[in-house]
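This report concerns only the one structure given below.
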Amino acid sequence: MSQENQLLKQRREKAEALAALGINIFSNGFKPANRIKELLPKGEHLAAETFEDTRFTYSIAGRIMSMRKFGKAAFCHLADDSGQIQIYIKQDTVGEEQFAAFKKWDIGDIVGIEGKLFKTQTDELSVMADKLVMITKSLRPLPEKWHGLTNVETRYRQRYVDLIVTPESRAIFRKRVEIIRLIREFLGNRGFMEVETPMMQPIPGGAQAKPFMTHHNALGMDLYLRIAPELYLKRLLVGGFERVFEINRNFRNEGLSTRHNPEFTMLEFYQAYATYHDMMDITEELVSWLSQEVNETMEIDYQGTKVNLTPPWRRLTMNEALTEIGGIAPEIVKDDDEILALARSTKGVKLEPLAGPGKARTALFELLVEEKLIDPTFITSYPIEVSPLARRNEQDPTVTDRFELFITGREIANAFSELSDPIDQRQRLEQQIAEKGDDEEIHAEMDEDFVRALEYGMPAAAGQGIGIDRLIMLLTNSPSIRDVILFPHMKPETEEKSGKTAGKGQKEQGGSCKKCKG
RNA sequence: GGGUCGUUAACUCAGUUGGUAGAGUAUCUGACUUUUAAUCAGAGAGUCGCGCGUUCAAGUCGCGCACGACCCA
């Protein structure tokens, strides 16, 4: 049999000891009247070592984060959702019975406290406890107070522990929530309505990516988790909703990295009678405003790189960028044959055999330019070959009315004036299907209903997608997407790691499995 | 997919040339009624990620696997 971990055993024994005293260690009756944050300003007028002039009794609840015990007294720090405050517990005040129970309290326990405010000798506002309530006895020890939890794997796998002990982590997720709330406010104020479109789609469209597949039993059909909401949001433009947006998850069955999680949050918004120029205006307004709101500045630091988000932002066509930043002579950039030849002879450029000049320019751009775009830069005039859903430019039919936004060398947003011609759209989707080649994992299929919708007539419009996780990485100075996703995807942990106290005497694989019901 | 690094007590980390595993915090016992990384005295706590190999002997060397981090594709 497995030897139970000493620390867990001791905690259980304390829990049993409390239960033996008639104390409910998972009680549900305590209602804190105050949040800790409310108490903090109330101590401003207090002098050190005084508490005579505080007549009020406050009640708070939270988790014990630290403890300094003396014989018949103790100091603890109690943390709730709003902040932290010191609690002073002494036997003279709480009485012998409560103090005896208190001796079985541990760091990590969730407790309720009633008492009066006072200031200690060292001028720290504290609560002189007179009533102590055990709310939840914690049966596992928290990480060390000084170094905290630094193991990133544990921080991601056991985010609940990370959130308890890592204030920086709590701050990032609060900021994330705030950013998303502000985006809704921003778009709402501009007449956009938030909609919800299918996450499960019969034909996964709106992007080139490998989808997750699932199956609907009653309908007897395969469905795909969406890789983008785009084609449904455009159907709503057809339907007459002129400004729509959606903030929700997309799913892509591809690799994981510091910038990729298989499910990620995307903002897409569409505006009728607008062009991609309007999208650029609204984007620089939105992102700079978000930074001002959550960081109180537009000049931020991202992993040691200074980034200035103050509008207006630089706007370059792809060809201009290839020349000005990529260093390719303009006459080569302009010439289809020369740019193809250059791309084919440049080391590090990956180009399919049948790729045309547009793909060559895009590949060279990705290699030579992208990483150099630190301050926000809109790159416009994307080749039509790489933009199956964007509107063709009226002066130059080889490019589209599209931009991508780059900040710190990374793509943050992608937008275009939408293609509203159903005949052109059908041809481009057909070409896209033909080009997917032998990649079985990309599910490309003609979305007849989408083309039919366009045939009813979609107003001229522009739309944009912004990767919310990457935007939040930028605004919270986070190096990995896993730092801004509460529960990032991880490979399953091994039995040894997940249950060191259990699962020792595992049966060999061939043994009968009693958990599997027949 | 490739490369580099990591995995040792609950947490943070040491561990020399291969010779039966150490510290701090946390925990337990005792002292202590204003501490804040409390202090003082004592104690317990480890499948050294998993497996195979080399060896008289492996945390340490070799190979494989798992998980993670970073870089590259």
Side-chain angles (χ1 to χ4, degrees), chain A residues 1-15 17 46-51 64-79 84-96 99 102-109 118-129 138-158 161-162 164-166 254-260 303 347-350 363 366-367 371 479-483 488-506 508-509:
Chain A
M1 291 310 286
S2 62
Q3 183 71 36
E4 194 177 39
N5 178 289
Q6 178 193 222
L7 295 169
L8 298 188
K9 195 175 162 201
Q10 281 167 348
R11 290 239 170 174
R12 292 218 179 89
E13 283 167 2
K14 281 192 187 180
L46 283 176
E49 280 191 278
T50 63
F51 56 98
I64 299 173
M65 299 307 292
S66 66
M67 250 180 172
R68 291 168 295 281
K69 286 188 177 180
F70 301 82
K72 297 185 175 66
F75 289 92
C76 308
H77 273 102
L78 193 75
Q84 247 194 37
I85 196 167
Q86 182 170 260
I87 311 295
Y88 185 44
I89 294 162
K90 62 174 179 175
Q91 186 172 282
D92 288 353
T93 310
V94 300
E96 284 186 21
F99 199 81
F102 167 73
K103 283 185 173 170
K104 301 290 178 191
W105 286 17
D106 287 303
I107 293 169
D109 290 351
F118 77 111
K119 277 208 174 154
T120 63
Q121 282 177 349
T122 51
D123 209 27
E124 177 165 352
L125 182 71
S126 306
V127 175
M128 176 71 76
S138 170
L139 299 178
R140 282 181 185 268
L142 289 177
E144 193 210 335
K145 61 186 168 192
W146 192 242
H147 297 93
L149 188 61
T150 61
N151 182 309
V152 291
E153 184 175 353
T154 311
R155 290 184 50 215
Y156 298 151
R157 287 193 194 279
Q158 295 178 247
V161 179
D162 180 43
I164 292 169
V165 300
T166 316
E254 294 168 0
L256 286 74
S257 78
T258 48
R259 289 189 290 281
H260 299 84
Q303 303 295 301
K347 200 179 159 221
V349 169
K350 43 181 180 175
E366 287 172 0
L367 181 75
E371 64 177 15
S480 168
I481 198 169
R482 291 179 161 185
D483 296 322
H489 281 281
M490 308 280 282
K491 289 195 184 179
E493 49 187 337
T494 58
E495 292 278 344
E496 291 80 31
K497 279 194 168 178
S498 62
K500 280 183 177 170
T501 60
K504 263 195 172 175
Q506 272 173 280
E508 62 271 29
Q509 298 256 312

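All values below come from the heavy atoms of this structure, side chains included, with hydrogens, waters and symmetry mates left out. Numbers restart at 1 for each chain; the letters A, B, ... are given by sequence-line order, proteins then strands.
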Between the protein and nucleotides 28-30 of chain B, list every N/O to N/O distance that falls short of 3.5 Å.
| residue | atom | partner | partner atom | Å |
| --- | --- | --- | --- | --- |
| rC28(B) | OP1 | Lys14(A) | NZ | 2.2 |
| rC28(B) | O4' | Gln10(A) | NE2 | 3.4 |

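- The side chain of Arg482(A) contributes an N or O atom lying less than 4.0 Å from OP1 or OP2 of rA69(B).
- Considering only side-chain atoms of Lys491(A), the nucleotide from rC67(B), rG24(B), rU35(B) that sits closest is rC67(B).
- For rU12(B), the OP1/OP2 oxygens have a side-chain nitrogen or oxygen of Thr150(A) closer than 4.0 Å.
- RNA chain B forms stems at B:1-7 with B:66-72, B:10-13 with B:22-25, B:27-31 with B:39-43, B:49-53 with B:61-65, each a run of 3 or more consecutive Watson-Crick or G-U wobble pairs whose two key distances fall under 3.5 Å.
- Remark: Ser66(A) is not in phosphate contact with rA38(B), judged by side-chain N or O atoms under 4.0 Å from OP1 or OP2.
- With sequence neighbours left out, Thr258(A) forms a side chain to side chain contact (heavy atoms under 4.5 Å, CB included) with Ser480(A).
- Dashed line: the shortest gap from a side-chain N or O of Lys69(A) to OP1 or OP2 of rA38(B) is not under 4.0 Å.
- Listed by chain and number, the residues in a side-chain hydrogen bond (donor to acceptor under 3.5 Å, both in side chains) with Glu144(A) are His147(A) (sequence neighbours excluded).
- The separation of rC13(B) from rC52(B), taken at their C1' atoms, amounts to 29 Å, rounded to a whole angstrom.
- Not counting sequence neighbours, the partners of Asp162(A) by the salt bridge (charged side-chain N to carboxylate O under 4.0 Å, His left out) test are Arg155(A), Arg159(A).
- Taking the side chain to side chain contact (heavy atoms under 4.5 Å, CB included) definition, one finds that Thr154(A) meets it with Leu149(A), Asn151(A), Gln158(A), sequence neighbours left out.
- In this structure, Phe75(A) counts as stacked on the base of rU35(B) under the 5.5 Å centre distance and 30° plane angle limits.
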